[in-house]
**Q** 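After the structure tokens below, expect a handful of questions from me.
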Amino acid sequence: MMNQGLVSFIVPIYKAERYIHKCIDSLLAQTYTDIEVILVDDGSPDNCGVICDDYAARDKRVKVIHQQNGGVSAARNRGLSYAAGEYVAFVDADDLVTKDYIEELFDNHADLVIGGYKDTGNHTFALSEEQYVGKEALIEFYSTHFHRLYSTVPWGKLYKWSIIQENKLSFDTRIRLGEDLVFNLRYLQYCSEIRLVNATNYLYTTYSCTEERYNLRIEEIRYTLEQMKEHVSVLSEKWNINLSCKDSSAIVLATYPMKKILSDSREYEILYAQYVIGENSANLYERLYSDNICSPVIRGIRLVKMYVKSGQYVKALHMMRKVKKKYGKIMPSIHFSRYDKVVALLCRCFF
């Protein structure tokens with residue numbers, strides 16, 4: 001296809017030395033050649049900064065920004081401040097794209113284009129070709145897609161720079177997990193047309209346990225939930241309909257540290273009642289313990305599986321004992337998946 005406008009790739013970089021070469025190479029190999037690649041070295045303590053400078057010296061399409069570590073939101077915001085393109089595409093430093101990534105995404109009419117992806121666990125998430133134009137269609141898009149990973153993350157998409165610039169949109173630096181979801185909620189307020197494309201040209205690096213990776217404070221989780229609630233309220237008012245963000249709230253709430261739940265679960269239960277169940281909190285415990293995303297029992301068992309898979313057998317045994325001690329009596333009443341059921345039975349029988 002002919003180039004139809006400059007696309008700015010924005011890549012926040014921190015401790016990604018083992019991935020960064022493949023990531024940058026994949027961006028520079030695009031069949032759509034009217035691009036710039038903005039690499040934001042977020043105070044990375046490894047050789048990422050040097051690697052980025054080397055690429056910039058060899059290819060004029062590459063811009064490098066060095067800054068003190070401020071987190072992924074601050075890095076993306078800094079990249080946005082340097083972007084010169086008509087379109088923006090965010091890419092994480094440990095991911096990569098196929099050479100026809102932008103060519104497959106490009107649509108100069110849609111305000112937001114979303115593609116599918118493949119992950120490092122050999123899973124493929126393909127979307128059907130869909131186009132959502134006007135209020136009623138956008139409501140359908142939100143209800144059908146917005147609680148899915150491909151809609152809430154910043155990668156796998158093509159944004160219009162004019163919408164970001166004119167409405168002063170940025171990533172909230174106070175949020176460490178869920179900042180992309182909040183950004184997309186704000187961006188959605190200014191969209192008239194969204195398109196889904198049947199392309200899986202983004203390769204996403206998965207992590208086995210988000211909870212342990214981020215170790216969020218409870219105050220951070222509550223703040224994120226409040227921001228989601230606030231921006232969904234704005235959309236509800238704009239579209240004159242009562243929208244829900246319970247599914248997305250459950251995903252954020254599931255990052256609440258298990259060690260705190262096992263010592264005192266009261267606040268976790270309060271947050272679940274407030275942000276997931278809503279006004280009608282009847283049967284709170286029955287709903288919480290059967291919730292496939294938020295159930296503390298199911299979450300504990302998945303942590304056990306993660307520890308076993310990564311060879312952390314002592315941690316796995318400790319977690320099994322803790323789950324059995326706190327939730328052993330109610331385990332028989334919980335519906336487990338086939339693979340979770342094996343660990344649940346081990347907990348009940350041997351600890």
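Only a predicted model underlies this, so the values are computations on that prediction, with no experimental measurement involved. In what follows, residues are counted from 1 in the order of the sequence shown.
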**Q** Tell me whether E86 is salt-bridged to K160, with the criterion being a basic N under 4.0 Å from an acidic carboxylate O.
**A**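 No.
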**Q** Using the test side-chain hydrogen bond (donor to acceptor under 3.5 Å, both in side chains), find all partners of S162 that sit at least two apart in sequence or belong to another chain.
**A**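 For S162 there are no side-chain hydrogen bond (donor to acceptor under 3.5 Å, both in side chains) partners, ignoring immediate neighbours.
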**Q** With a 6.0 Å cut-off (strictly less than), is the heavy-atom count around CD of E226, excluding the residue itself, greater than 12?
**A** yes
**Q** Thinking salt bridges, do R76 and E179 make one under a 4.0 Å N-O criterion?
**A**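 Salt bridge present between R76 and E179.
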**Q** For Q30 and E103: C-alpha separation, side-chain torsions, deciding distance, then whether side-chain hydrogen bond (donor to acceptor under 3.5 Å, both in side chains) applies.
**A** CA-CA 8 Å; Q30 291 299 295; E103 188 172 343; over 6 Å; no
**Q** Does V62 share a hydrophobic cluster with L96, counting links as ILVMFWY side-chain heavy atoms below 4.5 Å and allowing steps through other members?
**A**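 No, no single cluster joins them.
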**Q** Assess whether atom NZ of K326 is packed by more than 12 heavy atoms of other residues, nucleotides or ligands within 6.0 Å.
**A** yes
**Q** Do you see a donor-acceptor pair shorter than 3.5 Å between the side chains of T120 and T206?
**A** yes
**Q** Could you give the side-chain donor-acceptor pairs of residues 134-142 under 3.5 Å, partners two or more places apart or in another chain?
**A**
residue	atom	partner	partner atom	Å
K135	NZ	W239	O	3.4
Y142	OH	S244	O	2.9

**Q** So, for I38 and A83, which heavy atoms are closest and what is the spacing to 0.1 Å?
**A**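 Distance-wise, the nearest heavy atoms are CD1-CA, 3.6 Å.
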**Q** Output the distance between atom CG (D172) and atom CD (Q227), rounded to the nearest 0.5 Å.
**A**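 That separation rounds to 5.5 Å.
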**Q** Test: side chain to side chain donor-acceptor pair (under 3.5 Å). Region: residues 180-191. Which pairs qualify, not counting sequence neighbours?
**A** Y159-N184
**Q** If every non-hydrogen atom of C52 is compared with every non-hydrogen atom of V64, which pair is closest and at what distance?
**A**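 In terms of heavy atoms, the two residues are closest at O-CG2, 3.3 Å.
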**Q** Taking the side chain as every heavy atom from C-beta outward, state whether K259 and N215 have any pair of such atoms under 4.5 Å apart.
**A**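 Counting from C-beta outward, K259 and N215 do come under 4.5 Å.
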**Q** Is it true that S128 and E130 share a donor-acceptor pair across their side chains at a distance under 3.5 Å?
**A** no
**Q** Looking just at side-chain N and O atoms, do Q67 and D42 make a donor-acceptor pair shorter than 3.5 Å?
**A** yes
**Q** I want to know whether F106 and Y87 have ring centres closer than 6.0 Å.
**A** yes
**Q** If I compare all heavy atoms of P12 with all of A93, which pair ends up nearest, and what's the gap?
**A**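 Reported closest heavy-atom pair: O-CB, 3.5 Å.
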**Q** Is the shortest side-chain heavy-atom distance between V72 and F171 below 4.5 Å?
**A**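 Not in contact.
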**Q** Do D53 and H66 have side-chain atoms, one donor and one acceptor, less than 3.5 Å apart?
**A**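 Judged by distance alone, the side chains do pair up.
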**Q** CG of N240: more than 12 outside heavy atoms within 6.0 angstrom?
**A**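 No, the 6.0 Å shell around CG holds no more than 12 heavy atoms from other groups.
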**Q** What distance do L216 atom CG and I175 atom CD1 have between them, rounded to the nearest 0.5 Å?
**A** 10.5 Å
**Q** Group every Ile, Leu, Val, Met, Phe, Trp and Tyr by side-chain heavy-atom contacts under 4.5 Å, then state whether L149 and V97 land in the same group.
**A**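 L149 clusters together with V97.
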**Q** Answer yes or no: is there a donor N or O on one side and an acceptor on the other, between the side chain of D291 and the main chain of S295, under 3.5 Å?
**A** no
**Q** Taking S263 for its side chain and K260 for its backbone only, find out whether a donor-acceptor pair lies under 3.5 Å.
**A** yes
**Q** Under the 3.5 angstrom rule, does the side chain of T224 hit a backbone N or O of E220 as a donor-acceptor pair?
**A**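 Flag set: sc T224 to bb E220 pair under 3.5 Å.
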**Q** Distance-only, no hydrogens or angles: does the D41 side chain make a donor-acceptor pair with backbone N or O of S44 under 3.5 Å?
**A** yes
**Q** Do P296 and Y268 have side chains that approach each other closer than 4.5 Å (heavy atoms only, starting at C-beta)?
**A**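 In contact.
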**Q** Do Y285 and I261 sit in the same hydrophobic cluster, where Ile, Leu, Val, Met, Phe, Trp and Tyr count as joined when their side-chain heavy atoms come under 4.5 Å apart?
**A** yes
**Q** Any non-hydrogen side-chain atom of V153 less than 4.5 Å from a side-chain atom of Y150?
**A**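 V153 does not reach Y150 side chain to side chain.
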**Q** Could you check whether any side-chain N or O of T31 sits under 3.5 Å from a backbone N or O of K99, counting only pairs where one atom can act as donor and the other as acceptor?
**A**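 Pair found, side chain donor or acceptor close to backbone of K99.
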**Q** Does V232 share a hydrophobic cluster with Y132, counting links as ILVMFWY side-chain heavy atoms below 4.5 Å and allowing steps through other members?
**A** yes
**Q** Any side-chain heavy-atom pair from H335 and S290 closer than 4.5 angstrom?
**A**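 When only atoms from C-beta onward are counted, S290 and H335 do not touch, as no gap falls below 4.5 Å.
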**Q** Distance from H145 atom NE2 to S151 atom OG, nearest 0.5 Å?
**A** 6.5 Å
**Q** Closest heavy-atom contact between L158 and A89?
**A**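 The answer is CD1-CB, 4.1 Å.
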**Q** Do V50 and V11 belong to the same hydrophobic cluster, where Ile, Leu, Val, Met, Phe, Trp and Tyr are linked whenever their side-chain heavy atoms lie under 4.5 Å apart, directly or via other members?
**A** no
**Q** Only pairs under 3.5 Å count here: list side-chain donor-acceptor contacts from residues 14-23, not counting sequence neighbours, and write none if there are none.
**A**
residue	atom	partner	partner atom	Å
E17	OE1	N47	N	3.4
E17	OE2	N47	ND2	3.0
H21	ND1	Y55	OH	3.2

**Q** Between R222 and E219, is there a side-chain N and carboxylate O pair less than 4.0 Å apart?
**A**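 Answer for the salt bridge query: no.
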**Q** Aromatic rings W155 and Y202: how do their planes relate, parallel, tilted or perpendicular, breaks at 30° and 60°?
**A**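 If you compare the ring of W155 with that of Y202, the planes turn out parallel.
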**Q** Would a 4.5 Å heavy-atom cut-off, applied to side chains only, mark V7 and D34 as touching?
**A** no
**Q** Just wondering, do V37 and L39 contact through their side chains at under 4.5 Å, heavy atoms?
**A**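 In contact.
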**Q** List for me each residue that meets side-chain hydrogen bond (donor to acceptor under 3.5 Å, both in side chains) alongside K63, sequence neighbours excluded, and say none if there are none.
**A**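 So K63 forms a side-chain hydrogen bond (donor to acceptor under 3.5 Å, both in side chains) with E36.
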**Q** We want to know whether Y117 and D95 form a side-chain donor-acceptor pair, criterion being a heavy-atom distance below 3.5 angstrom.
**A**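 Absent: no donor and acceptor within the cut-off.
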**Q** Output the distance between atom CG (L185) and atom CG (L235), rounded to the nearest 0.5 Å.
**A**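 That separation rounds to 6.0 Å.
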**Q** Taking the six-membered ring where the residue is Trp, are the ring centres of Y204 and F125 under 6.0 Å apart?
**A** no
**Q** For L127 versus N198, what's the shortest heavy-atom pair and its separation?
**A**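 That would be O-ND2, 2.7 Å.
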**Q** On a heavy-atom basis, which atom in I65 and which in G79 lie closest, and how many Å separate them?
**A**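 Distance-wise, the nearest heavy atoms are CD1-CA, 4.3 Å.
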**Q** Please step through side-chain hydrogen bond (donor to acceptor under 3.5 Å, both in side chains) for the pair S337 and D340, ending with a clear verdict.
**A** CA-CA 5 Å; S337 69; D340 290 343; 3.2 Å; yes
**Q** Applying salt bridge (Lys or Arg N to Asp or Glu O under 4.0 Å) to E129 and R195, what does each step give before you reach the verdict?
**A** CA-CA 8 Å; E129 289 277 348; R195 183 182 166 209; 3.5 Å; yes
**Q** Using a 3.5 Å distance criterion without hydrogens, assess whether the side chain of R174 forms a donor-acceptor pair with backbone atoms of Y223.
**A**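 Side chain of R174 to backbone of Y223, a donor-acceptor pair under 3.5 Å: no, none is there.
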**Q** Can you tell me how far the CG atom of L169 sits from the CG atom of N167, to the nearest 0.5 Å?
**A**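 One gets 5.0 Å once the value is rounded to the nearest 0.5 Å.
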**Q** Could you tell me the separation between the CG atom of L196 and the CG atom of L105, rounded to the nearest 0.5 Å?
**A**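 These two atoms lie 11.0 Å from each other.
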**Q** Any heavy-atom pair between the side chains of I277 and L284 that's under 4.5 Å?
**A** yes
**Q** Apply salt bridge (Lys or Arg N to Asp or Glu O under 4.0 Å) to D54 and list each qualifying residue two or more places apart in sequence or on a separate chain.
**A** R58
